[in-house]
Amino acid sequence: MSRKIQIYNTLTRKKEIFNPILENHVGMYVCGPTVYGDPHLGHARPAITFDVVFRYLKHSGYKVRYVRNITDAGHLENDADEGEDKIAKKARLEQLEPMEIVQFYTISYHKAMDALNCLPPSIEPRATGHIIEQIEMVQKILKNGFAYEVNSSVYLDVKKYNASYPYGTLSGRNIEDTLEGTRALDGQSEKKSSVDFAIWKKANPEHIMRWDSPWGEGFPGWHMECSAMSEKYLGKNFDIHGGGMDLVFPHHEAEIAQSNACNNCNPVNYWMHNNMITIDGKKMGKSLGNFINLEEFFIGNHAKLDRAYSPMTIRFFILQAQYRSTIDFGNEALQAAEKGFTKLMNAMGTLENLKHSDHSTYDINELEKNCYDAMDDDFNTPILIAHLFDGVRIINSVKDGKESLTASDLSKMQKLFSDFVTDILGLISAKESGENDLTDEVMELVLKLRGNAKKNKDFSTADLIRDELEKAGIQIKDSREGSSWEIK
RNA sequence: GGUAUCGUGGCCGAGUGGCUAGGCAGUGGUCUGCAACACCAUCUACAGCAGUUCGAAUCUGCUCGAUACCUCCA
């Protein structure tokens, strides 16, 4: 491969040239959703971010195994005072089986990801399907002397671990600071130190989800699943681990510790973290009351939303920001994104029927280089999109006869847009998904009738047709060559 | 309090030590039966203060502000 992809590595806090462990192959693990609630905007960002990474690596010729887990064993609830397993709590609330909840929300997650045109990962393992692997890992860590059992729970001994491996390198902390930052706590804890974390937890009687283990009935600690499943499918040391920035500490830090403690091997070469989505400048969260789920976006049913926004508008909006920046959602910004997206998609359509000429007034190779450079620079999609809009201007100008492209340049341009817009950014027009032959035929007839009316200077009929179609969500566009239509 | 990230024009968002990113909105044109689309031109900018430099929005320091995480509670 002649091109070099640079990835910002959270571990080193700088951009590094990406070199896979195995030539032409990439192993990538991304933290997936906890399926205990509706898929929301917070799920969309990492899914889209790493979907584009997945697509671009594949486009660049790598064979990629993309693993994204489904957390169905349940993590702790942040704001829980009861200390119940997230999933068990929801189950009790709704009088359902835990796995019924999990099934329901897994399906709705998949539907939302599909709507956002995120490719399914290569493997989508579930935590509950890998209890044995997690128990085995806990046993190895115990055997290696980096954990201890207390009262049927097992904790990772972070101080002991830190003597052999540096703890806190990913999040830029050290144990002393962490201990300092922990305010005077009880002393009642069964843990040796407040920095220790559970890798296996005893289940209290009210716990519905529980498994037998060498330490009694319980469930895996909340960081175990990712360590166990990433090792199982990608190996002890793999290329890329992704997730939201909020997971850097403690989740990913714990994963590193667990893997080292178990395998004496640093698990991940490149750590990638997408930034948060904010609403009115604040992180979106249930407790803040600014929580918008994806369904509400698609339908427009939320107090914060002026109207509905299509999945592709959301996708485009997210891609207009670099993945390491926060994105603030607002109606004005969303509507701007929607317009920009429509402009891009219209140009895609125009490009299909463009006429070539005997010389070019524009350098396609330069544009292509700019596009690759943008993506190679830590997947800089906003820069890529800016360059694509350069192409859009050219496409429209060629149509107007103000610029020209040779046949070979034109087909290059078509390939460029197909590669970058459709395959890499994963943007598809609403028309593509909602169109059928019958609609085409009917619209052809309608446009013919309107054309006749215009010829007869019957503009009131022509305008009536246009206005009514507009109400139905179809935009008529007149040009010298005739009229065309598109679904808005 | 600790750690990290960040503060760019009406809105959203890139970016580099010197050469107007881009999208949306605004303004003026061209096109058009009118409109939409499109094209051309154009107006708003780099939180504040000090320093380094021939030159800084880009480097350094300080100030102010914003956001995230700080782990055991099951």
Side-chain angles (χ1 to χ4, degrees), chain A residues 10 13 74-86 88-89 153 155 158 168 171-174 176-183 185 189-191 194-198 201-204 206-207 218-219 221-223 244-251 253-254 273 275-276 278 281-283 316-317 320-322 324-344 346-347 350 370 374 377 380-390 392-393 395-397 399-403 454 457-459 462-463 466-467 470 475-480 484 486:
Chain A
T10 310
R13 289 178 212 293
H75 282 176
L76 262 188
E77 195 144 17
N78 296 324
D79 47 358
D81 39 327
E82 298 299 300
E84 286 174 87
D85 183 297
K86 263 184 190 172
K89 182 170 187 180
S153 291
Y155 295 94
V158 174
S171 52
R173 291 157 212 258
N174 56 53
E176 293 73 42
D177 286 347
T178 309
L179 282 171
E180 247 172 60
T182 312
R183 322 236 159 130
L185 279 168
S189 172
E190 55 191 29
K191 294 191 300 183
S194 63
V195 288
D196 295 349
F197 58 88
K201 193 73 188 173
K202 176 190 179 179
N204 288 335
E206 67 269 22
H207 250 89
F219 50 94
W222 63 302
H223 314 299
M245 257 179 200
D246 53 341
L247 298 176
V248 172
F249 193 89
H251 184 56
E253 202 69 77
H273 292 97
N275 213 320
M276 302 290 97
T278 58
K282 296 239 190 288
K283 182 187 172 181
F316 185 77
F317 183 73
Q320 264 194 313
Q322 215 274 346
R324 287 187 286 115
S325 310
T326 54
I327 317 180
D328 196 49
F329 266 67
N331 283 287
E332 205 180 337
L334 280 164
Q335 280 159 34
E338 186 179 74
K339 284 201 170 189
F341 173 66
T342 303
K343 188 171 173 179
L344 182 62
N346 287 347
T350 304
N370 289 340
D377 184 12
N380 200 327
T381 52
I383 294 287
L384 169 63
I385 290 170
H387 289 309
L388 289 172
F389 273 109
D390 260 355
V392 167
R393 201 189 78 247
I395 290 166
N396 288 324
S397 295
K399 189 190 172 204
D400 288 355
K402 289 171 181 161
E403 302 266 0
K454 280 175 68 177
K457 304 239 183 262
D458 179 6
F459 295 121
D463 289 352
R466 186 173 65 199
D467 294 346
E470 189 151 359
Q475 179 72 56
I476 296 296
K477 297 194 290 188
D478 294 335
S479 72
R480 222 171 273 153
S484 61
E486 72 188 43

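Here is how names work: the chains are called A, B, and so on, in the same order as the sequence lines, proteins then strands, and each is numbered from 1.
- K343(A) comes within 4.0 angstrom of sugar-phosphate atoms only, judged by non-hydrogen atoms across all strands, and of no base.
- Within the structure, a side-chain polar atom (N or O) of R393(A) is placed less than 4.0 Å from OP1 or OP2 of C40(B).
- Here L344(A) lies out of heavy-atom contact (under 4.0 Å) with every strand.
- Ring pair H251(A)/H223(A) is tilted by interplanar angle, where 30° to 60° counts as tilted.
- Neither OP1 nor OP2 of G13(B) sits under 4.0 Å from any side-chain N or O of N380(A).
- Distance CE (M276(A)) to P (A68(B)): 10 Å, rounded to an integer number of Å.
- The distance from atom CD of Q335(A) to atom P of A25(B) is 10 Å, rounded to the nearest whole Å.
- The K191(A) side chain lies nearest to C72(B) when the options are C34(B), C72(B), G22(B).
- As a whole-Å value, the separation of I327(A) CD1 from C24(B) C1' is 16 Å.
- Between the C1' atom of C72(B) and the CZ atom of F249(A) lies a distance of 12 Å, rounded to the nearest Å.
- Using a 4.0 Å cut-off, some side-chain N or O of K339(A) falls inside it from OP1 or OP2 of A25(B).
- Within the nucleic acid shown, F389(A) comes within 4.0 Å of sugar-phosphate atoms alone, with no base atom in reach, counting heavy atoms only.
- Across all strands, S153(A) comes closer than 4.0 Å to no nucleic acid atom at all (heavy-atom distances).
- Following rounding to the nearest Å, E332(A) (CD) and G9(B) (P) show an atom-to-atom distance of 13 Å.
- Taking atom CZ of residue F219(A) and atom P of nucleotide C73(B), one finds them 13 Å apart after rounding to whole Å.
- Heavy atoms of A386(A) sit under 4.0 angstrom from at least one base atom.
- Contact check, N346(A) against C37(B): no side-chain N or O comes under 4.0 Å of OP1 or OP2.
- Within 4.0 Å of R466(A), counting heavy atoms only, lies at least one base atom of the nucleic acid.
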Under a cut-off of 3.5 Å for both distances of each Watson-Crick or G-U pair, what dot-bracket string does RNA chain B give, using [ ] for crossing pairs and | for inter-strand pairs? (((((((..(((.....[...))).(((((.......)))))....(((((..]....))))))))))))....

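- Between the side chains of N275(A) and S325(A), not a single donor N or O lies within less than 3.5 Å of an accepting N or O.
- Note on ring orientation: taking the six-membered ring where Trp is involved, the planes of F316(A) and F341(A) are tilted (angle from 30° to 60°).
- Remark: T326(A) is not in phosphate contact with A68(B), judged by side-chain N or O atoms under 4.0 Å from OP1 or OP2.
- What separates CZ of R13(A) from P of A4(B) is a distance of 7 Å, to the nearest Å.
- As a whole-Å value, the separation of N275(A) CG from C69(B) P is 11 Å.
- Residue contacts for S171(A): at a heavy-atom cut-off of 4.0 Å it reaches the sugar-phosphate backbone alone, with no base atom in range.
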